[in-house]
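Everything numeric here is computed off the predicted structure, so don't read it as measured data. For the numbers below, each heavy atom of this structure counts, side chains included, while hydrogens, waters and symmetry mates do not.
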Amino acid sequence: ADQRVAFLATMLAEMDAGDLFMLGIGLRPDQGSSYAEQVRMLEREYSPGEAFMRPKADHPESIYRLRFDPASHSMIHGFERPDRSMQHMGYSHLFAAGEMLESIARTGFELVAYETYPDGPTTAPQCMTILARKPGTGDRR
């Protein structure tokens, strides 16, 4: 939470009054009965990350591996080498929707709009797009 607020505070300080920014985030799954299916959906959503990480793989035949770590609410990225050792590539932290919206407001931004995807009656949201503005008299877009 502290790092999230520090990041947003830094953004706020760098922007001019009236400036907008859009932020896309991954949302951690609910702890409900469809938890396993939500994790599988997250794995499918984040698999394009391989395209960005593949150039840094230290073995051309390594296999991209992704897993959800519920303790840290993160997707752990790595490559499994042919000898079965792992090359750790980092993680993507997933937020609860309410946490991010509270941080945006607490930091001083004006929340313009937000939307979660996918938006359906039985599917928990997997990501959120937030549009926020630095308050003030400016009208820059």
Side-chain angles (χ1 to χ4, degrees), residues 1-82 84-141:
D2 291 341
Q3 290 176 332
R4 182 172 56 246
V5 170
F7 166 74
L8 292 169
T10 300
M11 274 193 74
L12 185 70
E14 295 295 320
M15 294 171 64
D16 292 324
D19 281 352
L20 296 166
F21 83 94
M22 186 174 290
L23 177 66
I25 63 170
L27 299 178
R28 67 177 175 240
D30 297 329
Q31 300 289 332
S33 60
S34 60
Y35 187 70
E37 178 57 27
Q38 291 178 39
V39 169
R40 285 191 288 280
M41 288 177 70
L42 284 168
E43 290 171 346
R44 288 193 297 271
E45 176 189 343
Y46 278 85
S47 61
E50 178 178 3
F52 297 101
M53 296 180 187
R54 175 61 66 180
K56 295 197 182 242
D58 60 12
H59 195 285
E61 295 174 22
S62 60
I63 299 169
Y64 181 66
R65 299 287 186 211
L66 180 68
R67 70 179 180 83
F68 177 67
D69 175 34
S72 66
H73 304 293
S74 300
M75 298 300 287
I76 309 296
H77 303 267
F79 286 97
E80 183 179 344
R81 301 176 185 105
R84 310 216 24 97
S85 64
M86 290 298 293
Q87 178 187 2
H88 178 72
M89 298 299 287
Y91 67 95
S92 301
H93 188 78
L94 307 175
F95 297 103
E99 290 175 357
M100 185 52 80
L101 294 175
E102 288 172 13
S103 294
I104 292 275
R106 195 168 75 225
T107 307
F109 282 105
E110 173 190 347
L111 185 62
V112 176
Y114 69 93
E115 195 166 20
T116 55
Y117 304 94
D119 188 21
T122 60
T123 306
Q126 303 301 312
C127 60
M128 172 182 267
T129 302
I130 298 169
L131 181 64
R133 175 185 296 119
K134 181 172 181 173
T137 58
D139 192 22
R140 296 172 47 171
R141 304 259 188 257

**Asked** Can you check whether Leu12's main-chain N or O pairs, donor with acceptor, with Lys134's side chain at less than 3.5 Å?
**Response**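 At least one qualifying donor-acceptor pair exists.
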
**CG on Leu131 to CE on Met22, rounded to 0.5 Å** =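 Taking CE in Met22 and CG in Leu131, the distance rounds to 5.0 Å.
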
**Asked** Hey, are the side chains of Ile76 and His88 touching, using non-hydrogen atoms and a 4.5 Å cut-off?
**Response**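 Sidechains of His88 and Ile76: in contact.
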
**Message:** Is it the case that over 12 heavy atoms from other parts of the model lie below 6.0 angstrom from the OH atom of Tyr91?
**Reply:**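 No, the 6.0 Å shell around OH holds no more than 12 heavy atoms from other groups.
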
**Asked** Nearest heavy-atom pair of Met15 and Asp19: which atoms, and what distance?
**Response**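 Answer, listing the atom of Met15 first, then Asp19: CE-O, 3.2 Å.
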
**Asked** Distance from Arg4 atom CZ to Thr107 atom OG1, nearest 0.5 Å?
**Response**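 Going from CZ on Arg4 over to OG1 on Thr107, the span is 9.0 Å.
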
**Prompt:** Should we say atom CZ of Phe21 is surrounded by more than 12 heavy atoms from elsewhere, each under 6.0 Å from it?
**Reply:**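 Yes - once you tally the heavy atoms of other residues, nucleotides and ligands closer than 6.0 Å, there are more than 12.
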
**Message:** For the backbone of Lys56 and the side chain of Gln87, can you confirm whether one donor and one acceptor N or O come within less than 3.5 Å of each other?
**Reply:**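 Between the backbone of Lys56 and the side chain of Gln87 there is a qualifying donor-acceptor contact (under 3.5 Å).
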
**Prompt:** Measuring from Leu23:CG to Met100:CE, what's the distance to the nearest 0.5 Å?
**Reply:**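 The distance works out to 5.5 Å.
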
**Prompt:** Quick one: are Tyr114 and Ile104 in side-chain contact, heavy atoms under 4.5 Å?
**Reply:**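 Side-chain contact under 4.5 Å: no.
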
**Message:** Let me confirm one number: the CE-OH distance from Met53 to Tyr64, rounded to the nearest 0.5 Å.
**Reply:**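 Met53 CE to Tyr64 OH: 4.5 Å, rounded to 0.5 Å.
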
**Asked** Taking all non-hydrogen atoms of both residues, which atom of Arg54 and which atom of Ser62 are closest, and how far apart?
**Response**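 Result for this residue pair: NH1-O, 3.0 Å.
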
**Asked** To the nearest 0.5 Å, how far apart are OG in Ser103 and CG in Asp2?
**Response**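 Rounded to the nearest 0.5 Å, the OG-CG separation comes to 9.5 Å.
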
**Nearest non-hydrogen partners of Ala17 and Gly136, listed with the distance** =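 For Ala17 versus Gly136, the nearest heavy atoms are CB-CA, 3.7 Å.
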
**Prompt:** Looking at side-chain heavy atoms only, is the closest gap between Phe79 and Met89 below 4.5 Å?
**Reply:**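 Yes, side chains in contact.
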
**Request:** To the nearest 0.5 angstrom, please state how far the CG atom of Leu20 sits from the CZ atom of Phe109.
**Result:**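 The distance works out to 10.5 Å.
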
**Message:** Tell me whether Arg81 contacts the main-chain N or O of Met86 through its side chain, where contact means a donor paired with an acceptor under 3.5 Å.
**Reply:**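 Checked: pair present.
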
